[in-house]
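Just so it is clear, the model here is predicted, and its values are computed rather than measured. Atoms within each ligand, like the ligands themselves, are counted from 1 in listed order.
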Amino acid sequence: MTAAMTLPLSNTAFDSSDWGRQMQSFVAELFPICRSITGDGLRETLRRIAQRVPLQIHEVPSGTPVLDWTVPKEWNIREAWVKDSSGRRVIDFALCNLHVVNYSVPVRRSMSLAELRPHLYTLPDRPDWVPYRTSYYKESWGFCLEHRVLEALPEGDYEVCIDSTLRDGHLSYGELLLPGTCPDEVLISCHVCHPSLCNDNLSGIAVAAALAQQMLAVPRRLTYRFLFVPGTIGAITWLALHENEARYIRHGLVLAGVGDAAPLAYKKSRQGSAEIDRVMEVVLRESAKPFVIKEFSPYGYDERQYCSPGFNLAVGRLSRSAHGEFPEYHTSGDNLNFVQAASLDASLRVCSEALSVLENNRRYSNLSPKGEPQLGKRGLYRAIGGSDEPAKIELAMLWTLNLSDGRHSLLEIATRSGIAFSAIAEAARLLSKHGLLREETDASDSPAINASREEF
Ligand code: ZN
């Protein structure tokens, strides 16, 4: 049985110069919200995503044990500032939410500059940028500010206010499950816990939401699960509560830092040669733009959790600039100017192509394997022989016939031939239509992946 090819072979169906602009405006819409790993800013962000796709918002109570962790207390903040002796606000959370150390406990008192100083964080080598600092798992407080401003603070008494709460509440995360005809799942995950930072956080959210919008609009063979989770604790919470569902995840991508101008970089899953790893190599190669492929390491974003040995999911990560390796990282320099519509758009296209390849990757058997079948009499070969190079589709048919022995997937044929996956898939469609190929069912599909799923 030949299953119908579902997703378009390229995302031309979604071609719209608007995608980049739409994603950029979504980044701008979410930018002012003060997010954290819990709290109302996170909820508001999930609600805004839910205005675009039918996201389910889940709430997990503080204190819930999740794997080796515990869901923390919920943090909310209303205002935070430091006033000098004249009553002027020299630091003000209302102007930029990076100014307060995320998860700061409440404070309200006067103190000298000497007492205040250990609670102030700056970047001496970037005196005009405000750093981003957190204290999630250790109760403390602090402010982040421009080094230039710190240098100009006179001695004297300062009034300090952090009007925050840290109490039992919930950890919120968003989930969208788009069922396909097959229960095998593709996981798309991004973190939603950073405050006003664009590339690290908002770019991944915008691309994941746009990808979800695209997938909602097409028939699907595979099932898609989109997770919008606070970094680390959110992924751990989801895994802890969904060990059974995690078994169905066959392929996955973490999206993080996909909006800056650096070339796209794919970090392989822990498995290293999972189908998603091979798909991303082919798709990036076919993008005809510079790209980087990185081996797995147990550091980075939530691929750390999905690829922990007890799960070992085939989840890689798509990024541009590596976290921690660009000056704007975790500073106010990672702002709306740092994320470009064209970069968001190109990241979305690569994701969408990757899903298209996953949807259309199949294995076939050549039903006429002795000698080449005569394509000409079937109208599949150029009518006039001669000096022309074989057309691309003819070469794709020859490769597909030759390697379709029931074991090689179309992806493997595309990789080995160097021909675009879309051409190989089109060749397979034509050859199937003319009775020269038979699709193989899933019985022996991806034994390596099946084996890894047995480890649960
Ligand atoms: Zn970060």
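Surrounding CD of Glu79 are more than 12 heavy atoms belonging to other residues, nucleotides or ligands, all under 6.0 Å away.
When distances to the Zn ion (ligand 1) are checked against a cut-off of 2.8 Å, His323 contributes no N, O or S atom below that limit. Because the distance cut-off is set at 2.8 Å, His191 fails to qualify as a neighbour of the Zn ion (ligand 1), as none of its N, O or S atoms comes that close.
Between Arg363 and Glu412, none of the side-chain N atoms (NZ, or NE/NH1/NH2) sits under 4.0 Å from a carboxylate O, so this pair counts as no salt bridge. A salt bridge does not link Arg349 to Glu353: none of the charged side-chain nitrogens sits closer than 4.0 Å to a carboxylate oxygen.
Vertex the Zn ion (ligand 1); arms to Asp200 OD2 and His330 NE2; angle rounded to 10 degrees, 90°.
Between Tyr173 and His242, the two ring planes are perpendicular [angle over 60°; tilted spans 30° to 60°].
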